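Here is the structure we will look at, set down as structure tokens.
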Amino acid sequence: MSRRVVRQSKFRHVFGQAAKADQAYEDIRVSKVTWDSSFCAVNPKFLAIIVEAGGGGAFIVLPLAKTGRVDKNFPLVTGHTAPVLDIDWCPHNDNVIASASDDTTIMVWQIPDYTPMRNITEPIITLEGHSKRVGILSWHPTARNVLLSAGGDSVIIIWNVGTGEVLLSLDDMHPDVIHSVCWNSNGSLLATTCKDKTLRIIDPRKGQVVAERFAAHEGMRPMRAVFTRQGHIFTTGFTRMSQRELGLWDPNNFEEPVALQEMDTSNGVLLPFYDPDSSIVYLCGKGDSSIRYFEITDEPPFVHYLNTFSSKEPQRGMGFMPKRGLDVSKCEIARFYKLHERKCEPIIMTVPRKSDLFQDDLYPDTPGPEPALEADEWLAGQDAEPVLISLRDGYVPPKHRELRVTKRNILDVRPPSGPRRSQSASDAPLSQQHTLETLLEEIKALRERVQAQEQRITALENMLCELVDGTD
């Protein structure tokens, strides 16, 4: 009689556990928009959730420590004129978040470390370039201020948020609605899935499709794709009989899948959350009440089922904490923020260990908050792996860093219009031009000073409120 050999893996006993009731965020009106995004974004400082809002789109940003019941008058981030569809924190600045909306715009926001007294309504910059709803956002993993957006117009635009300019526009690569976009680890390639059932690997700077696979999953419902640490593509989709399916593909040989597994019959799209440090992928289906997780290795069958975290309530969305935001003293290897109808509940994935010492094998150096490249360097063709940090002593988020947007002077490139006068601006004496430039510089400096004063006033108002509450 043959004995079954158990596969050796340090992640075989990973288990999930919901946080205690007092660690949840209660009384949040989670958005009911029918869109297959996670509706939640989290980083080591803040939790952001897309919420129901009258007269436009909004999301709420809570400090991680502000657990419990959320006041119904808690300030929101408002500014979009239609529902917000996706939000994403900047990986290089924990106070900067981007939002995409049905109103065709992308807005980038600076979130203060203190709790504001009123709604945040003024974004740092508004990016306009799509002709239909914008449903996908993704920051570049290594280049500063580079943001990707994809819309219902089947166009992918890559922006330099620092100047508000379009770096690249990929117009003719997708004949239908784009379902997902993912960068590889150094941001040199994109993996996209589309309504035409094709999985594509794109080099954005060359503007060409490097590889593609039609019907990676044969069903008509949306696919998702993420890059793995080994350079493979992990996908989720549906079979022709509407069974959910996962696949692993080698971009150098798209003919046959590395692995293909059928799962269950359900309508919910499986959202994959991949951790490159452990090579574990977590699958969260909208409307499901479970999180399944698999380890991806170089040994057959390549995608190994680990376990399932199950709960009673179905999930409306899910946030995934970056590795630097985890508690290494408790051997926590992943943390999710599960959205219910009226609350958000943290779910902690832990590897059971007896020792209280730092576990080197669980926590290799992980991407930190410093970018490896500037936007112009990346656009010029440079690639760099993420700048890694050690979690041995825990991670302390850096202090508030302000994102400065420097728009180029459009007066320099705008062609002259209207009837020609006796002397155009370009014909003006050198001293006059110098005076104009000086005035523009002074105006810009004054505006920055006024903005700083307004922030100071808001901070003083907060201090005053705290003092008044203390005396009561």
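Everything numeric here is computed off the predicted structure, so don't read it as measured data. Numbers here simply count residues along the sequence, with the first being 1.
Here the straight-line distance linking atom CG of N43 with atom CD1 of I97 works out to 8.0 Å at 0.5 Å rounding. Remark: C90 SG to L147 CG distance equals 8.5 Å, nearest 0.5 Å. Taking CG from N307 and CE from M349, the interatomic distance works out to 8.5 Å, rounded to the nearest 0.5 Å. S289 contributes atom OG, which lies 7.0 Å from atom CD of Q315 (distance to the nearest 0.5 angstrom). One finds the CG atom of D88 at 11.5 Å from the CD1 atom of I136 (value rounded to the nearest 0.5 Å). Remark: R335 CZ to M321 CE distance equals 4.5 Å, nearest 0.5 Å.
Counting heavy atoms of neighbouring residues, nucleotides and ligands inside a 6.0 Å radius, atom CD of E52 exceeds 12 of them. When the shell of 6.0 Å around CD of Q23 is examined, it contains more than 12 heavy atoms from other residues, nucleotides or ligands. Counting non-hydrogen atoms of other residues, nucleotides and ligands closer than 6.0 Å to CD of E385 gives a total above 12.
M220 has its side chain within reach of K197: a pair of non-hydrogen atoms, C-beta onward, lies under 4.5 Å apart. Within the 4.5 Å cutoff, the side chain of W35 has no heavy atoms near those of the I50 side chain. Side-chain contact check for P175 versus D196: some heavy-atom pair is nearer than 4.5 Å. Residues F59 and S31 are not in side-chain contact: their nearest non-hydrogen atoms beyond the backbone lie 4.5 Å or more apart. Annotation: side chain of L362 is in contact with side chain of K10 (closest heavy-atom distance under 4.5 Å). Within the 4.5 Å cutoff, the side chain of K338 has heavy atoms near those of the E313 side chain. N160 places a side-chain heavy atom less than 4.5 Å from the side chain of D376. Q261 is not listed as a side-chain neighbour of E245, based on a closest heavy-atom distance of 4.5 Å or more.
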Exercise for review: Could you check V77 against I111 for side chain to side chain contact (heavy atoms under 4.5 Å, CB included), going step by step and ending with a plain yes or no?
Suggested key: CA-CA 9 Å; V77 182; I111 306 299; 4.1 Å; yes
**Study point:** Step-by-step side chain to side chain contact (heavy atoms under 4.5 Å, CB included) determination, I106 to H130
**Key:** CA-CA 9 Å; I106 302 113; H130 289 279; 3.9 Å; yes
Exercise for review: Could you give me the CA-CA distance, side-chain angles and deciding distance for L85 and V134, then say whether side chain to side chain contact (heavy atoms under 4.5 Å, CB included) is met?
Suggested key: CA-CA 7 Å; L85 301 178; V134 186; over 6 Å; no
Exercise for review: Could you please spell out the steps behind the side chain to side chain contact (heavy atoms under 4.5 Å, CB included) verdict for S311 and E345?
Suggested key: CA-CA 11 Å; S311 58; E345 175 186 43; 5.5 Å; no
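Proximity of a side-chain donor or acceptor of D86 to a complementary backbone N or O of A100 within less than 3.5 Å is not detected. In this structure a side-chain-to-backbone donor-acceptor pair under 3.5 Å is present from D103 to T81.
Between the side chains of T121 and N119, no donor-acceptor pair of N or O atoms lies under 3.5 Å. With hydrogens and angles left out, the side-chain atoms of H304 and S9 include no donor and acceptor closer than 3.5 Å. Side-chain contact of S266 with D264: a donor-acceptor pair under 3.5 Å is absent, judged by distance alone. Residues N186 and S188 bring a donor and an acceptor atom of their side chains to less than 3.5 Å of each other.
For F46, the ring pair (Phe, Tyr, Trp, His ring centres under 6.0 Å) partners are W89, not counting sequence neighbours. Every residue meeting the ring pair (Phe, Tyr, Trp, His ring centres under 6.0 Å) condition with W378, not counting sequence neighbours, appears here in chain and number order: H140, W183. Residues meeting the ring pair (Phe, Tyr, Trp, His ring centres under 6.0 Å) test with F74, sequence neighbours left out: none. Under the rule for a side chain to side chain contact (heavy atoms under 4.5 Å, CB included), the partners of T236 that lie at least two apart in sequence or sit in another chain are R224, F234, L270, P272, L283. Residues passing the ring pair (Phe, Tyr, Trp, His ring centres under 6.0 Å) test with F336, sequence neighbours excluded: F273, Y282, F320. By the side chain to side chain donor-acceptor pair (under 3.5 Å) test, R221 pairs with no residue at all, sequence neighbours left out. Partners of S390 under the side chain to side chain donor-acceptor pair (under 3.5 Å) rule, at least two apart in sequence or in another chain, do not exist in this structure. Residues satisfying the side chain to side chain donor-acceptor pair (under 3.5 Å) test with S279, not counting sequence neighbours, are Y274. Take S329 and apply the side chain to side chain donor-acceptor pair (under 3.5 Å) test, not counting sequence neighbours, and it matches D327.
Nearest heavy-atom pair, P371 versus A143, reported as atom, atom and distance to 0.1 Å: CB-C, 4.4 Å. Smallest separation of non-hydrogen atoms from L47 and C40: CD1-SG, 3.6 Å. Smallest separation of non-hydrogen atoms from Y337 and V42: CE1-CG2, 3.8 Å. Between P83 and S101, the closest heavy-atom pair is O-OG, 3.0 Å. Shown here for I347 and I291, the closest heavy-atom pair between the two residues is CD1-CD1, 4.2 Å. Smallest separation of non-hydrogen atoms from D288 and R244: OD2-NH2, 2.7 Å.
The cationic group of K286 lies under 6.0 Å from the six-membered ring centre of F39 and within 45° of the ring axis, placing it in a cation-pi geometry.
The ring pair (Phe, Tyr, Trp, His ring centres under 6.0 Å) test with Y305 is passed by exactly one of Y293, F11, F294: F294.
Under the salt bridge (charged side-chain N to carboxylate O under 4.0 Å, His left out) criterion, the residue pairs touching residues 55-71 are D27-R69, with sequence neighbours excluded. Annotation: salt bridge (charged side-chain N to carboxylate O under 4.0 Å, His left out) contacts involving residues 358-367, sequence neighbours excluded, comprise R353-D361, D360-R392. The salt bridge (charged side-chain N to carboxylate O under 4.0 Å, His left out) pairs that include a residue from residues 30-46 are K45-D113, where partners are two or more places apart or lie in different chains.
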